[in-house]
Structure formats: structure tokens, C-alpha cells
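Scroll down for the structure; my scribbles are underneath it.
What you see is a predicted model, and the numbers here were worked out from it, not measured in a lab. Because only heavy atoms are used, hydrogens play no part in the values below, and waters and symmetry mates are left out as well, while side chains stay in.
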Amino acid sequence: MSDKEAGKGKEGPGEKGYRTPGLRGAQTTTMFRAVNPELFIKPNKPMMAFGLVTITLCVGYLGYMHAMKENDQQLYEAIDSEGERYIRRKTSKWD
């Protein structure tokens, strides 16, 4: 066997036949890369942490607003036809 035949199966990382693992080494179109950038961009941990904190704060704020709306409905004292007093929550005509 000559040296060329023996070295055929072993190609180094700098040679032409080497491909990177995953989708970074796959042949794709520019449109596919533009639509799916998360498959080709290295993850950025500080940006992920910022996004997680931001989403958490948004959901917390929505929960806070919902709780304030529930607490904002005022109560009043009503008297029924028998003369008994009871506390009732104000409602709109649409409820």
C-alpha cells in the first residue's frame, strides 16, 4: 500500500473534506439561515438571563395588575327586603 492509499480515510480538520458537527456545517440557503438564526448562533448566556428576568417581571406585573383589579372592586352595605344588612360587592350592569 502506498502512503496516499493509507492516508485516504484520515483527513485532518484543516483539509477540504472536514465538516463541523450540527447544522453549522450543513449546506443551507441564506433564507433558511435568516428564518432560523437560533440554529446557527452560539448561545449568549447573559442575554438569556436578561430575557428570563424580563419575562418573569412581565408576568409578575400582569399578576400584580390582576390582583389590584380584584381588590379595587369596592364593597358597599346593602339592605334586603327584610331589613337585614349585608355587604355586597359593586357590580356593573353588564355582569
Atom OH of Tyr61 with >12 non-hydrogen neighbours under 6.0 angstrom: no
Using side-chain heavy atoms (C-beta onward) and a distance below 4.5 Å, is Phe32 in contact with Leu39? yes
Leu62-Met65 co-clustered via ILVMFWY side chain contacts under 4.5 Å: no
About how many Å separate CD1 of Ile41 and CZ of Arg33, when rounded to the nearest 0.5 Å? 10.5 Å
Pairwise distance CZ(Arg85) to CD1(Ile79) - rounded to 0.5 angstrom: 5.5 Å
Side-chain heavy-atom pair Asn44, Met48 within 4.5 angstrom cut-off: no
Roughly how far apart are Thr54 OG1 and Met47 CE, rounded to 0.5 Å? 9.5 Å
State whether the side chain of Asp80 and the backbone N or O of Gly83 hold a donor-acceptor pair below 3.5 Å, judged by distance alone. yes
